[in-house]
Engineer: 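My questions will all concern the structure given below.
In what follows, every chain begins at residue 1, and chains take the letters A, B, ... in the order their sequences are listed. Because the structure is predicted, anything quoted here is derived from the model rather than measured.
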Protein chains: 2
Amino acid sequence: MRISELAETTGVPVHTLKYYLREGLLMPGEATSRTRAEYGAEHVERVRLVRALVEHSGVGIAGVHSILAALAAPPPSHHELLGVAHCALPTPGDQGPVSEEVGALVDDLGWPVWPEAPALRALSAAVAAARAAGVELSTGSLHRYAAAMADVAAVDLDVALAAESPAAAMHTVVVGTVMVDPVLVALRRLAQESVSARRG
Amino acid sequence: MRISELAETTGVPVHTLKYYLREGLLMPGEATSRTRAEYGAEHVERVRLVRALVEHSGVGIAGVHSILAALAAPPPSHHELLGVAHCALPTPGDQGPVSEEVGALVDDLGWPVWPEAPALRALSAAVAAARAAGVELSTGSLHRYAAAMADVAAVDLDVALAAESPAAAMHTVVVGTVMVDPVLVALRRLAQESVSARRG
DNA sequence: GTCAATGGACAGCGGCACTATCCAAGGAGA
DNA sequence: TCTCCTTGGATAGTGCCGCTGTCCATTGAC
């Protein structure tokens, strides 16, 4: 199909597709002449992925770049997959240090976590920001939140390991991690209402 | 203290404080003359809250407005608190319809949820976006995610109900909901690494 | 032969969260 | 008193981001 058909199929304007081509978010079509190129199903899929990431995941264009690069790289062993995937994910607040409290938390939980994990820094920043906003976050609450997120992670890993290929597992982990976050946030709101109604 | 001292105390430039005053995010100080006003501890706290929300919660200036309005309103009964709080929270994707699948999900779970809840629409949109990005989200996975988020919500409600006043409970629910989301996201990443390492 | 579509280059836009400039009035130190 | 700095207020500008609009030469379908 030509670019205008790709635009029609995906609902994305031609101008925006050209922009994605310029930015390297969309691979060029197969040129059939100097002013004509052919696009296929993989282009449709890519456009849908890029739009979903841009519109719903909060990672910017640069983040989409990094995610696409991770998906394109030959996926490493299962051991390294998580580390590579998490380093490819844009993580807000991963600049600062790891707080003592967060270090103690993962120690207490007995979580075997890479000490340089971006998520450790992000967690430290997020906890500090919540406290600055006046939210009381006790160690006990953090432990209970962590236990719940361990259940979430178990689902994530079950789905990822069920993938038929390492590339599919990589896709599941990287894209699933960023795209399911909003799902979890919405579920949390609903669960709050549900729990409140049951208790009230 | 004067505005320059407020700026020094909070680390926020005077210009930005003036901007917050203009936008109504910061209440005016007590005017001691036409070119002098006195700011107090509640201003410091408000500035910290506004900055935490702007920098770390993803809700924009408009969302901060809506949150502050909810905090200022006389908090209703515990029954209504959650509904009022959630309507005040900016919820991306709350424009669309509620998908059948999401409706069936809350039915299956037996969650007593208000059918007009913004989170229902947000969840529908988030699930659709994840699917568009190629993430396989089975009904079973959604159920397991929902169970985990029910545990999270139980912690949320425990903390909120421990508040000594309805106003404090409102603050805990509204601010806690948006500021703890990033904490949960970071914990999910860490839990993924931990679970992966344990299984590998 | 005609005319719309294409690829390519590049500037412009709209929204957002500030940030800079300017001004008159008012207070504080010399 | 004089001078200089700060304040509040108003208005306009900045930088970033994700597009979007314009222009052009080439080309291919009708």
Engineer: Determine, using the 4.5 Å side-chain heavy-atom cutoff (strictly less than), whether B:W114 and B:L109 are members of one ILVMFWY cluster.
Structural biologist: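 No, B:W114 and B:L109 fall in different hydrophobic clusters.
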
Engineer: Without decimals, in angstroms, what is the distance between B:L25 CG and C:dC16 C1'?
Structural biologist: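 Checked: the CG to C1' distance equals 13 Å.
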
Engineer: Taking for each residue the nucleotide of DNA chain C with the nearest heavy atom, is it B:T32 or A:A37 whose nucleotide lies nearer the 5' end?
Structural biologist: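 Per heavy-atom nearest nucleotide, the more 5' residue is A:A37.
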
Engineer: If you draw a 6.0 Å radius around CD in A:E42, do more than 12 non-hydrogen atoms from other residues or ligands fall strictly inside?
Structural biologist: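 Yes, CD of A:E42 has more than 12 neighbouring heavy atoms, counting only those of other groups under 6.0 Å.
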
Engineer: Among the nucleotides D:dT27, D:dT20, D:dG18, which one has an atom lying closest to any side-chain atom of A:P13?
Structural biologist: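 Closest of the options to the side chain of A:P13: D:dT20.
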
Engineer: Nearest-nucleotide wise, let me know which of B:R22 and A:R51 is further upstream toward the 5' end of DNA chain D.
Structural biologist: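 The 5'-side residue here is B:R22.
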
Engineer: Does A:S4 put a side-chain nitrogen or oxygen below 4.0 Å from OP1 or OP2 of C:dT6?
Structural biologist: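 Checking A:S4 against C:dT6: at least one side-chain N or O falls below 4.0 Å of OP1 or OP2.
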
Engineer: For A:E30, is the CD atom crowded, meaning more than 12 foreign heavy atoms sit under 6.0 Å from it?
Structural biologist: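 No, not enclosed.
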
Engineer: Between C:dT6 atom P and A:E30 atom CD, what is the distance in whole Å?
Structural biologist: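 A:E30 atom CD is separated from C:dT6 atom P by 17 Å.
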
Engineer: Starting from P on D:dA12, measure out to NZ on B:K18 and report it in whole angstrom.
Structural biologist: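 The answer, rounded to whole Å, is 16 Å.
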
Engineer: Tell me: CZ of A:R34 to C1' of C:dG8, nearest whole Å?
Structural biologist: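 Spelled out: CZ on A:R34 to C1' on C:dG8 is 10 Å.
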
Engineer: Rounding to a whole Å, what distance do you find between B:E55:CD and C:dC16:P?
Structural biologist: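 These atoms are roughly 18 Å apart.
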
Engineer: Tell me: CD of A:E5 to P of D:dA29, nearest whole Å?
Structural biologist: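 Nearest whole value for this atom pair: 12 Å.
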
Engineer: Looking only at the side chain of A:H15 (C-beta and beyond, no hydrogens), which of the listed nucleotides C:dT6, C:dG27, D:dT20 gets closest?
Structural biologist: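 Of the candidates, D:dT20 comes closest.
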
Engineer: Taking atom C1' of D:dT11 as reference, at what distance in whole Å does atom CD of B:E23 sit?
Structural biologist: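 Those two atoms, CD and C1', are 13 Å apart.
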
Engineer: Between A:T16 and D:dG18, is there a contact of a side-chain N or O with OP1 or OP2 at under 4.0 Å?
Structural biologist: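 Answer is no, no contact under 4.0 Å.
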
Engineer: For C:dT6, take OP1 and OP2 only and decide whether either is under 4.0 Å from a side-chain N or O of A:R36.
Structural biologist: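 Checking C:dT6 against A:R36, no side-chain N or O comes under 4.0 Å of OP1 or OP2.
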
Engineer: Quick check: is A:V159 connected to B:V185 through a chain of hydrophobic side chains (ILVMFWY, heavy atoms under 4.5 Å apart)?
Structural biologist: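 Not linked; separate clusters.
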
Engineer: What is the distance, rounded to the nearest whole Å, between atom CZ of A:R2 and atom C1' of D:dG28?
Structural biologist: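 Distance, rounded to whole Å: 9 Å.
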
Engineer: Hey, does the side chain of B:Y39 come within less than 4.0 Å of D:dT7's phosphate (OP1/OP2), counting only N and O?
Structural biologist: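 So the side chain of B:Y39 is outside the cut-off, no N or O lying under 4.0 Å from OP1 or OP2 of D:dT7.
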
Engineer: Looking only at side-chain atoms of A:V54, point me to the closest of C:dA17, C:dG7, D:dG18.
Structural biologist: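 Selected nucleotide (nearest to the side chain): D:dG18.
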
Engineer: Out of C:dT6, C:dT19, D:dC19, which nucleotide sits closest to the side chain of B:Y19?
Structural biologist: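 Nucleotide nearest to B:Y19's side chain: C:dT19.
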
Engineer: Return each pair, listed once, that meets salt bridge (Lys or Arg N to Asp or Glu O under 4.0 Å) where at least one residue sits in residues 175-187 of chain B; pairs must be two or more places apart or across chains.
Structural biologist: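 Output for this query lists A:R188-B:D181, A:R189-B:D181.
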
Engineer: Between A:S33 and D:dT27, is there a side-chain N or O to OP1/OP2 distance below 4.0 Å?
Structural biologist: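 Negative; the distance criterion is not met.
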
